[in-house]
Every structure is written in structure tokens, then in C-alpha cells.
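Hydrogens, waters and symmetry mates play no part in the numbers below; they use all other heavy atoms, side chains included.
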Amino acid sequence: GDEDIGNWQILPDEDHAPRVSQGGEPSDINVSISHSGGTAFCAIATGGGMIGCDLEQITPRDSAFVDTFFTRHEREAVNTVQDDRRALLTTLIWSAKESVLKATLKGLSVDTWSIEIAAPSSLRGDDWKPLRAHQVQTGRRFDGWWRNWGRGKQGHDRAANTSDGATRTPTLHAGGC
């Protein structure tokens with residue numbers, strides 16, 4: 001039947017994004033997959049919704065990285081945050097950019113300055129928090145969620161972004177890889 005797991009496949013399509021098919025036919029389920037440091041993360045959107053996710057280990061990045069890949073507003077946010085939160089914010093912005101670019105099916109084939117991430121009001125806690133991004137040229141808005149999961153500098157930052165006004169807090173099921 002339709003619910004038989006053997007009828008489902010996830011394969012890369014011509015733009016290298018994972019595509020779900022059921023019985024050889026395209027599905028209205030979209031997925032985004034990321035992995036880092038032995039942990040995998042997958043985000044799922046039903047009903048044809050766009051989805052992008054990214055998982056990154058929180059590590060310090062130098063100013064050249066920030067200057068190369070971040071917009072002026074993002075650089076200002078990174079440069080004004082407390083030193084002990086700088087690695088987290090830099091990783092969060094980068095992870096969110098990758099998530100949005102995956103959702104648009106462009107990936108890193110486009111300039112990362114084309115997406116701007118609004119710095120969150122708080123970087124404290126390990127619960128899911130709302131995240132907002134937009135395409136710089138068109139103003140198209142992306143709403144999503146982010147979470148710092150783990151301990152200290154060994155933690156992971158996860159950002160799950162959708163373009164359809166995500167209002168539900170994601171449920172996290174992390175697994176090793």
C-alpha cells in the first residue's frame with residue numbers, strides 16, 4: 001500500500017537537493033538534511049512547503065569570514081555582541097543563511113549577501129527560538145526557528161527555516177551518523 005516504507009525514496013535531483021518520491025512519483029513532502037560532528041539533522045515540510053536546515057558546530061570564526069559572507073547589518077550585530085556569545089551568533093547567522101539558501105534550492109551557488117538574517121534578541125537558553133531572514137533584493141521573508149543544542153563550544157547550532165510562515169515550534173529528533 002501507499003504507507004509501505006519500501007515505496008518511498010529520497011534521492012538528489014538535478015539541483016542536488018534531496019527529493020522525496022513515493023512509488024516513483026514526486027511527493028509533496030520536502031526534506032532538508034545536514035550533518036556535523038557525528039550528528040545528523042533532517043527537517044521535513046509537507047504539502048509542498050519549502051524547507052531548509054543546517055547543523056553546525058559552534059566554533060569561533062575570524063573577522064575575514066564575517067567580512068566575506070555577512071551583510072553590513074549582520075557584521076554590526078556580530079561586532080557588538082559580548083565576546084563570549086560571538087562564536088554562537090556567528091555560527092547562528094551562517095547556519096541560518098545555509099538553511100534559507102537550501103530552502104530556495106540555490107545553496108551556496110549564490111552570494112551569501114543575498115540573504116540577511118535578523119540577529120535574535122537573545123542568545124541565552126537551549127530552547128527553540130524564532131528566526132527571521134529575508135532576501136535582500138526582493139524582500140521575500142523567511143520565518144524559521146533556531147536552537148543551540150549542546151554544551152559550550154562543543155555544542156551544535158541548528159536552524160530550520162521555512163518560507164511559509166512557520167508558526168509551530170519544531171520537534172528535535174537528533175541522531176548520530
Side-chain angles (χ1 to χ4, degrees), residues 15-18 31-43 45 50-166 169-170 172 174 177:
D15 60 15
H16 305 289
V31 299
S32 183
I33 301 167
S34 185
H35 58 88
S36 175
T39 300
F41 182 39
C42 177
M50 294 171 54
I51 190 80
C53 75
D54 189 53
L55 172 68
E56 299 279 340
Q57 286 189 304
I58 299 168
T59 57
R61 309 216 182 186
D62 62 27
S63 60
F65 177 89
V66 173
D67 291 343
T68 300
F69 297 111
F70 289 12
T71 67
R72 179 177 57 87
H73 293 293
E74 293 163 342
R75 290 191 306 270
E76 288 171 0
V78 167
N79 291 331
T80 59
V81 74
Q82 293 176 332
D83 286 346
D84 67 332
R85 307 311 282 173
R86 188 164 290 131
L88 173 59
L89 181 58
T90 303
T91 303
L92 167 61
I93 291 171
W94 178 251
S95 182
K97 282 179 177 284
E98 283 206 54
S99 296
V100 172
L101 291 171
K102 285 180 177 183
T104 63
L105 302 179
K106 301 294 183 193
L108 292 174
S109 68
V110 298
D111 190 343
T112 59
W113 287 22
S114 68
I115 301 296
E116 187 166 77
I117 309 303
S121 58
S122 173
L123 295 172
R124 304 275 179 212
D126 63 357
D127 53 330
W128 285 102
K129 297 170 189 63
L131 178 71
R132 179 164 293 154
H134 72 273
Q135 285 181 318
V136 174
Q137 297 226 336
T138 66
R140 181 179 180 190
R141 189 171 118 180
F142 295 84
D143 292 317
W145 298 89
W146 74 276
R147 180 179 182 184
N148 176 15
W149 182 70
R151 294 188 177 277
K153 293 185 179 175
Q154 301 304 313
H156 285 83
D157 177 72
R158 291 173 170 78
N161 292 277
T162 64
S163 62
D164 55 2
T169 304
L172 178 64
C177 60

S.K.: Could you tell me whether a side-chain N or O of Ser32 sits under 3.5 Å from a main-chain N or O of Cys53, the two making a donor and an acceptor?
M.R.: yes

S.K.: With a 4.5 Å cut-off on side-chain heavy atoms, are Arg147 and Lys129 touching?
M.R.: no

S.K.: Taking all atoms of both residues into account, what is the closest heavy-atom pair of Ala133 and Ile117, and its distance?
M.R.: CB-CD1, 3.5 Å

S.K.: Is there side-chain contact between Leu123 and Asn148, with at least one heavy-atom pair below 4.5 Å?
M.R.: no

S.K.: side-chain contact (heavy atoms from CB on, under 4.5 Å), that's the test. Do Ile115 and Val136 meet it? Break it down for me.
M.R.: CA-CA 6 Å; Ile115 301 296; Val136 174; over 6 Å; no

S.K.: Looking at Lys102 and Glu98, does any basic side-chain N land under 4.0 Å from a carboxylate oxygen?
M.R.: no

S.K.: Specify whether Phe70 and Trp94 have parallel, tilted or perpendicular ring planes, treating 30° as the upper limit for parallel and 60° as the lower limit for perpendicular.
M.R.: parallel

S.K.: Might you point out which heavy atoms bring Arg141 and Asp143 nearest each other, and give the distance in Å?
M.R.: NH2-OD2, 2.8 Å

S.K.: Starting from the C-alpha separation in whole Å, work towards a yes-or-no answer on side-chain contact (heavy atoms from CB on, under 4.5 Å) for His134 and Arg140.
M.R.: CA-CA 5 Å; His134 72 273; Arg140 181 179 180 190; over 6 Å; no

S.K.: Let's go through Ile51 and Val31 carefully: what are the C-alpha distance in whole Å and the side-chain angles of both, what is the deciding distance for side-chain contact (heavy atoms from CB on, under 4.5 Å) to 0.1 Å, and is it a yes or a no?
M.R.: CA-CA 7 Å; Ile51 190 80; Val31 299; 5.6 Å; no

S.K.: I need the Asn79 CG to Thr90 OG1 distance, nearest 0.5 Å.
M.R.: 8.5 Å

S.K.: Nearest 0.5 angstrom please: Leu88 CG to Arg124 CZ, how far?
M.R.: 9.0 Å

S.K.: Which heavy atom in Trp146 sits nearest to a heavy atom in Pro120, and how many Å separate them?
M.R.: NE1-CB, 3.9 Å

S.K.: Looking only at non-hydrogen atoms, find the nearest pair between Leu89 and Ala77 and report the distance.
M.R.: CD2-O, 3.6 Å

S.K.: Main chain of Phe69, side chain of Thr112: is a donor-acceptor contact present, judged purely on distance under 3.5 Å?
M.R.: yes

S.K.: What pairs of residues pass the salt bridge (Lys or Arg N to Asp or Glu O under 4.0 Å) test when at least one of them lies in residues 81-90, not counting sequence neighbours?
M.R.: Asp83-Arg86

S.K.: Any side-chain heavy atom of Trp145 within less than 4.5 Å of one from Leu131?
M.R.: no

S.K.: Any heavy-atom pair between the side chains of Val110 and Leu101 that's under 4.5 Å?
M.R.: yes

S.K.: Is there a side-chain contact between Val78 and Ile93 (heavy atoms, below 4.5 Å)?
M.R.: yes

S.K.: Check the pair Glu116 / Lys97 against salt bridge (charged side-chain N to carboxylate O under 4.0 Å, His left out), numbers first and verdict last.
M.R.: CA-CA 7 Å; Glu116 187 166 77; Lys97 282 179 177 284; over 6 Å; no

S.K.: Distance-only, no hydrogens or angles: does the Ser95 side chain make a donor-acceptor pair with backbone N or O of Thr91 under 3.5 Å?
M.R.: no

S.K.: Walk me through it: do Arg61 and Glu56 pass the test salt bridge (charged side-chain N to carboxylate O under 4.0 Å, His left out)?
M.R.: CA-CA 12 Å; Arg61 309 216 182 186; Glu56 299 279 340; 3.4 Å; yes

S.K.: Taking the six-membered ring of Trp113 as reference, does the NZ or CZ atom of Arg75 fall below 6.0 Å from its centre and within a 45° cone about the axis?
M.R.: yes

S.K.: I'd like to know if the side chain of Ser34 reaches the main chain of Leu55, judged simply by a donor and an acceptor atom lying under 3.5 Å from each other, with no hydrogens or angles considered.
M.R.: yes

S.K.: Would you check if the side chain of Asp62 reaches a backbone N or O of Phe65 as a donor-acceptor pair within less than 3.5 Å?
M.R.: yes

